[in-house]
Amino acid sequence: MDDTPISSLNIPAKRSIRRVALACIQCRSRKVRCDATQPACNRCRADEKECEYQKSRRGGRPRRSLTVPHRAVVSDVPSPPGPPEIIGYRTDGDSSGRGSSGSSAQSNCDSFEFKASDIVLPGGVQLLGNQVEQLLNQYYAFFHVSHPCVLPRWALESRLITELSISEFLLPVLLYIGSIFTPSVDSTPLANAAAETMRAGWMNGTNFAPDPYFIQAQMLYSIVVYWFDEPERGREILDDAIHGAFLLGMHQKDFAVQNGYGDPVLEESWRRTWWQIHVTDIHIAGSTHTYTGLSVKYPITADLPCEEECYETGMIPIPASLKSYEAREFSDIEFSSFAQLIGFTQGISRVLAIRRYNDIENAKVTCDNADTMMTAWYSLLPPSKTTLLRPNNTVDELLFKAIILMHTYTIDLHRPLSTLLRLPIESLSKCAPPPPLSPLIPPSPLLPSPFYPPLTPSPTPTPPKSSLPSRTSPRSSPSPRTSRHTPPSSSA
């Protein structure tokens, strides 16, 4: 594939210069602001502690060629491409993520400043630093709000330098999704780069287990593919992501802690990744009427996500468990909107598990169960969740999604019991349930439908000949009308 010039993406290239702050190791480990005074900061002097600064990690990695030909035969697969070539990132202070002492609060970013730099994605797609920032802005503004599993922007940037898996797997997908919401950008080159990343992802797994960031990217990519009218391919990619998540144990409680490296924000991201996989799986299964999602194959013990404000600011509370949510009517805990969406998803999954086609009695039972479940779920929402607007007048996207799904399933599940006529579009739509084998009501001849045999019009009854006036004989005069004042005859 030829290199895609930057100018073809139609994003104005403008570089910015930012100063980078320093912080000593002691202040960084305590997650407090450091004045970066050398040789010892004022805080360490006041606390009579030894003040040390970590050596700057500025410097580049060797560049690698990233253009990989299309692979059609598994035996001919070449070595997988390397991560996107990142040119000239600038950081000072400790920009480490993995193995650090944790960055649970956004104030920890006071010692880190991010400057996006030029990158070359798989397939030769070149982006300048300000273009990367613009596409990431679009991703977080339009997609992340309703699928909030990727690290918050500030946390992602703090790990982007040292976490090669982010730049190798996740970043191409995020940029592609961001381009979808940018009308001035041609998404095709970025779509090809994301597809190339997905093809290479499984090759880079360790001991046949994929990288968690790759699972995260694969799940997000499957949603976009499903959007773009490729439901079968999107479902296949999502199934691969579910299989990889089970291999890693992402559905288990301990996974987030074991792979969070002491960072509560990263732990929360792993919990959210699993639950986003689960929610996506169940509702795609429901909309395609396969009903039983793959993500319910094993018992789920992962804790529930926190509120969005806590996640975005890095102030992660102690996570609530799924068991505590199921007993929420006896608890004072106010669960997050994400947890409410998960609760609705779990409930509708149990309802759909018993659904059968072309069985009217089963349809009645399913509708009764669904109505009971939805009524109970909605009645247990706390007062703060009964409106879709937050106190700052922004839309709660996750709660909005749960409410819309509730109404959608209500229509879908009651459709087999409806007396409304079915139209041909219902046999074409992927989201419409297939019609029953026999109609519930006779169809109208005015609205023909491919689901019913055509009606043969019955012949019009012909009156007896004696009652028809003769065309050749003059019409007989009508009998004289009886006056309304004439008394009835005795024979009456």
Side-chain angles (χ1 to χ4, degrees), residues 80 82-83 96-100 102 144 147-152 155-156 159-160 162-174 194 197-225 234-282 284-285 292-306 311 316 319 321-322 338-339 342 345-346 349:
S96 65
R98 192 180 294 255
S100 66
H144 179 77
H147 307 82
C149 59
V150 175
L151 285 168
L156 180 77
R159 290 184 173 272
L160 186 58
T162 56
E163 294 276 8
L164 298 182
S165 298
I166 296 180
S167 59
E168 184 174 2
F169 303 128
L170 189 58
L171 185 60
V173 175
L174 301 187
T197 299
M198 293 296 102
R199 284 192 289 266
W202 278 102
M203 300 298 298
N204 290 1
T206 303
N207 296 326
F208 302 101
D211 187 280
Y213 285 109
F214 172 69
I215 297 299
Q216 197 174 68
Q218 196 176 30
M219 179 266 297
L220 297 175
Y221 183 68
S222 71
I223 296 174
V224 178
V225 171
R235 178 75 250 191
E236 181 181 353
I237 297 172
L238 180 62
D239 290 347
D240 287 342
I242 295 172
H243 178 67
F246 279 137
L247 288 177
L248 293 173
M250 298 184 77
H251 61 295
Q252 298 175 351
K253 178 183 178 70
D254 296 337
F255 175 84
V257 176
Q258 294 172 355
N259 294 270
Y261 306 103
D263 184 352
V265 178
L266 184 58
E267 294 176 9
E268 175 72 11
S269 177
W270 294 140
R271 287 191 290 268
R272 287 168 169 260
T273 300
W274 165 255
W275 286 118
Q276 186 63 60
I277 289 174
H278 177 69
V279 169
T280 305
D281 171 45
I282 295 302
I284 286 183
T292 303
L294 294 179
S295 59
V296 297
K297 184 177 180 180
Y298 301 105
I300 301 174
T301 59
D303 288 330
L304 297 174
C306 63
Y311 185 48
I316 309 298
S321 66
L322 186 60
F338 204 156
I342 293 168
T345 302
Q346 294 257 307
S349 176

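All values below were derived from every heavy atom in this structure, side-chain atoms included, with hydrogens, water molecules and symmetry-related copies excluded.
You'll find the side chain of Ile300 reaches within 4.5 Å of the side chain of Trp275, heavy atoms only. For the pair Pro305/Ile342, a side-chain contact is recorded, criterion being any heavy-atom separation below 4.5 Å from C-beta on. In this structure, Tyr213 and Leu151 have side chains that are in contact, with non-hydrogen atoms separated by less than 4.5 Å. Looking at Asp263 and Arg159, their side chains come closer than 4.5 Å, going by heavy atoms from C-beta outward. With contacts defined as side-chain heavy-atom distances shorter than 4.5 Å, the pair Val224/Val173 does not qualify. Contact check for Phe338 versus Leu304: no side-chain heavy atoms found under the 4.5 Å cut-off.
A donor-acceptor pair is defined here as one N or O able to donate and one able to accept, closer than 3.5 Å; such a pair exists between the side chain of Thr273 and the backbone of Ser269. Using a distance-only test at 3.5 Å, with no hydrogens or angles considered, a donor-acceptor pair links the side chain of Asn259 to the main chain of Phe255.
Applying the salt bridge (Lys or Arg N to Asp or Glu O under 4.0 Å) definition to pairs two or more places apart or across chains, none involves residues 242-251.
Scored by the side chain to side chain donor-acceptor pair (under 3.5 Å) test, Lys253 finds Asp303 as partners (sequence neighbours excluded). Under the side chain to side chain donor-acceptor pair (under 3.5 Å) criterion, Ser321 pairs with Ser324, sequence neighbours left out. By the side chain to side chain donor-acceptor pair (under 3.5 Å) test, Glu267 pairs with no residue at all, sequence neighbours left out. Scanning for salt bridge (Lys or Arg N to Asp or Glu O under 4.0 Å) contacts around Arg271 gives Glu268, with sequence neighbours left out. With sequence neighbours excluded, the residues that form a side chain to side chain donor-acceptor pair (under 3.5 Å) with His278 are Ser295, Gln346.
Across every non-hydrogen atom of Phe214 and Pro210, the tightest pair is CD2-CB, 4.0 Å. Nearest approach of Met198 to Ala217, heavy atoms of both residues: CE-CB, 3.9 Å. In terms of heavy-atom proximity, Gly234 sits nearest to Ser222 at O-CB, 3.5 Å. Here the closest heavy-atom approach between residue Trp270 and residue Pro212 is recorded as CH2-CB, 3.4 Å. Residues Cys306 and Ile316 come closest through the heavy atom pair SG-CD1, 4.1 Å.
Ring pair Trp274/His251 is tilted by interplanar angle, where 30° to 60° counts as tilted.
With hydrogens and angles left out, the side-chain atoms of Thr280 and Gln276 include a donor and acceptor closer than 3.5 Å.
The distance from atom CG of Leu170 to atom CG of Leu174, rounded to the nearest 0.5 Å, is 4.0 Å. With values rounded to the nearest 0.5 angstrom, Ile237 atom CD1 is found 12.5 Å from Ile242 atom CD1. Interatomic distance, Gln216 CD to Ile166 CD1, rounded to the nearest 0.5 Å: 8.0 Å. One finds the SG atom of Cys149 at 4.5 Å from the CG atom of Leu220 (value rounded to the nearest 0.5 Å). The NE2 atom of His243 sits 9.0 Å away from the CD1 atom of Ile215 when rounded to the nearest 0.5 Å. Rounded to the nearest 0.5 Å, atoms CG (Leu266) and CD (Glu163) are 7.0 Å apart.
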Step-by-step side-chain contact (heavy atoms from CB on, under 4.5 Å) determination, Leu171 to Thr197 | CA-CA 10 Å; Leu171 185 60; Thr197 299; over 6 Å; no
Give the intermediate values and the outcome of side-chain contact (heavy atoms from CB on, under 4.5 Å) for residues Val225 and Leu238.
-> CA-CA 10 Å; Val225 171; Leu238 180 62; over 6 Å; no
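Figure legend: cation-pi geometry between Arg272 and Tyr311, with NZ or CZ positioned under 6.0 Å from the six-membered ring centre and within 45° of its axis.
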